Amino acid sequence: MSEHVEWSDTEAPAPPATAAVTPADAADAARLVAYGLQPKLQPARDQDYTELLRRYREDPAFARLADAVATGLGLVVLEVSPRAGMAVTAAEDSVFAVRMGDYARRTTADSGDRFLHGLAHLAVAALAFPRPEDLADDGYIGRVTVNGVDAFVRQACRRIEERAEEQGENTDPATDAPGLEAAWRIWARRSATGATKDARRPASSTTGIVAKALAFLTDSGFLQRTGDDNGGTYRTTARYQLQVRDMAGTAAMAELLELGVVPVTDGSASLLPAEDTDDLELVADAGLPFHS
């Protein structure tokens, strides 16, 4: 006679074992992050990249692993999608972070120019996505030109001068006290085009500074050059939209927008200004996608 065995109500089947992460999984995750560090690489043109993106979306465990690899490298994952690939940005302490000082020193050692380069990047971001709905729309493509960015900054300079005069501030600091030089006057006094014997655009001119900013963003996969009109024309990429979303609430962007300079004809503001912007200052090292 067989013995009947009763199971206790408190006993339950053991949960299924979680699949262990293999070295191959780790290698795949690291390879996906490596693709993300190649901003010009389009997923649609690389089968392996496309497959890893699909796996990220469909396999939560693999997605967590790839996110962990990115975090360990000091990277912030902005989006993982077919349109943007694995879009990452460097945290301030990441080995991949680009410093504004290093960027500016490639062309000049002048401390004032460090501010001008940062301001150029802020202006490009504001002009590329002139309305909040443009920044929120994944299908929106912004367009900027070298001359257009320079004109926008000069318009901002005029607005700052008007505001300073309205508030009775000193708009003409002593020439022997450069530390008191108002930031807007640095750009306003700089030649837009300059002049060289061979008709090249000097790197120290304001259009030269803007051109360098746009070239850097193009090399970084944030913009695509589309023509030579107006000093050079460019269109935005999905990665740049994600970058601008990430920095839209910074103090530097809020200060630029708070001026009330309107880059589009319908009167809409550029992005959304942050609250309580009265005491904000546009700092010298501010500028996408740099760290101070």
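Everything quoted here is computed from the prediction, not taken from an experiment.
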Can you list, pair by pair, the side-chain donor-acceptor contacts under 3.5 Å of residues 26-36, counting residues two or more places apart and other chains?
residue : atom : partner : partner atom : Å
Asp28   : OD1  : Arg31   : NH1          : 3.0
Asp28   : OD1  : Arg31   : NH2          : 3.1
Asp28   : OD2  : Arg55   : NH1          : 2.8
Arg31   : NE   : Asp48   : OD2          : 2.8
Arg31   : NH2  : Asp48   : OD1          : 3.3
Tyr35   : OH   : Asp48   : OD2          : 2.7

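One distance of note links CG of Asn230 with OG1 of Thr145; it measures 4.5 Å at 0.5 Å rounding. Within the model, atoms SG of Cys157 and CZ of Arg190 stand 11.5 Å from one another, a figure rounded to the nearest 0.5 Å. For the atom pair Arg143 CZ and Leu223 CG, the distance stands at 12.0 Å (nearest 0.5 Å). Note that CG of Asp59 and CZ of Arg64 are 8.0 Å apart. Values are rounded to the nearest 0.5 Å. In this structure, NE2 on His121 lies 8.0 Å from NZ on Lys212, to the nearest 0.5 angstrom.
The closest donor-acceptor contact from the side chain of Thr237 to the backbone of Phe222 lies under 3.5 Å. A donor-acceptor pair under 3.5 Å is absent between the side-chain atoms of Tyr56 and the main chain of Asp67, judged by distance alone. Panel note: side chain Arg245, backbone Leu135; a donor-acceptor pair is recorded below 3.5 Å. Side-chain atoms of Thr207 come within 3.5 Å of backbone N or O of Ala192 as a donor-acceptor pair. Side-chain atoms of Ser94 come within 3.5 Å of backbone N or O of Phe96 as a donor-acceptor pair. Between the side chain of Arg57 and the backbone N or O of Ala63 there is no donor-acceptor pair closer than 3.5 Å.
Hydrophobic clustering of Ile, Leu, Val, Met, Phe, Trp and Tyr side chains at less than 4.5 Å, counting indirect connections, unites Leu53 with Leu41. Hydrophobic clustering, with ILVMFWY side chains joined whenever heavy atoms are under 4.5 angstrom apart, groups Leu127 together with Trp187. Both Val80 and Phe62 sit in one connected hydrophobic cluster of ILVMFWY residues. Membership requires side-chain heavy atoms under 4.5 Å apart, directly or through other members. Taking hydrophobic clusters as Ile, Leu, Val, Met, Phe, Trp and Tyr residues chained together by side-chain heavy-atom distances below 4.5 Å, Leu217 does not share a cluster with Val88. Cluster annotation: Leu65 is not connected to Leu75 through the hydrophobic network of ILVMFWY side chains, with a link wherever side-chain heavy atoms come within less than 4.5 Å.
Contact annotation: the side chain of Leu73 never approaches that of Val95 to less than 4.5 Å [non-hydrogen atoms, C-beta and beyond]. At a threshold of 4.5 Å between non-hydrogen side-chain atoms, the residues Thr22 and Asp25 count as touching. For the pair Phe152/Val124, no side-chain contact is recorded, criterion being any heavy-atom separation below 4.5 Å from C-beta on. Inter-residue side-chain proximity for Tyr49 and Met86 is flagged as met; some heavy-atom pair is nearer than 4.5 Å. Side-chain contact between Arg83 and Gln241 is present, with heavy atoms from C-beta onward closer than 4.5 Å. Proximity of Asp219 to Lys40: side-chain heavy atoms (C-beta onward) are separated by under 4.5 Å at one or more points.
With no hydrogens or angles considered, a side-chain donor-acceptor pair links Thr233 and Thr226 at under 3.5 Å. Looking at Thr206 and Asp150, their side chains do bring a donor and an acceptor atom within 3.5 Å of each other.
The heavy-atom pair separating Ala91 from Val76 by the smallest distance is CB-CG2, 4.4 Å. Scanning both residues, Ala128 and Thr236, for their nearest heavy atoms gives CB-CG2, 3.7 Å. Here the closest heavy-atom approach between residue Glu79 and residue Ala84 is recorded as OE2-CB, 3.8 Å. Closest heavy-atom contact between Ala70 and Val77: CB-CG2, 3.8 Å. A pairwise comparison of heavy atoms in Val244 and Ala125 identifies CG2-CB, 4.0 Å as the closest pair.
Using bins of under 30°, 30° to 60° and over 60° for the plane-to-plane angle, the ring pair Tyr240/Phe129 lands in the tilted bin.
Under a cut-off of 6.0 angstrom, the local environment of CD in Glu58 is crowded, with over 12 non-hydrogen atoms contributed by other residues, nucleotides or ligands.
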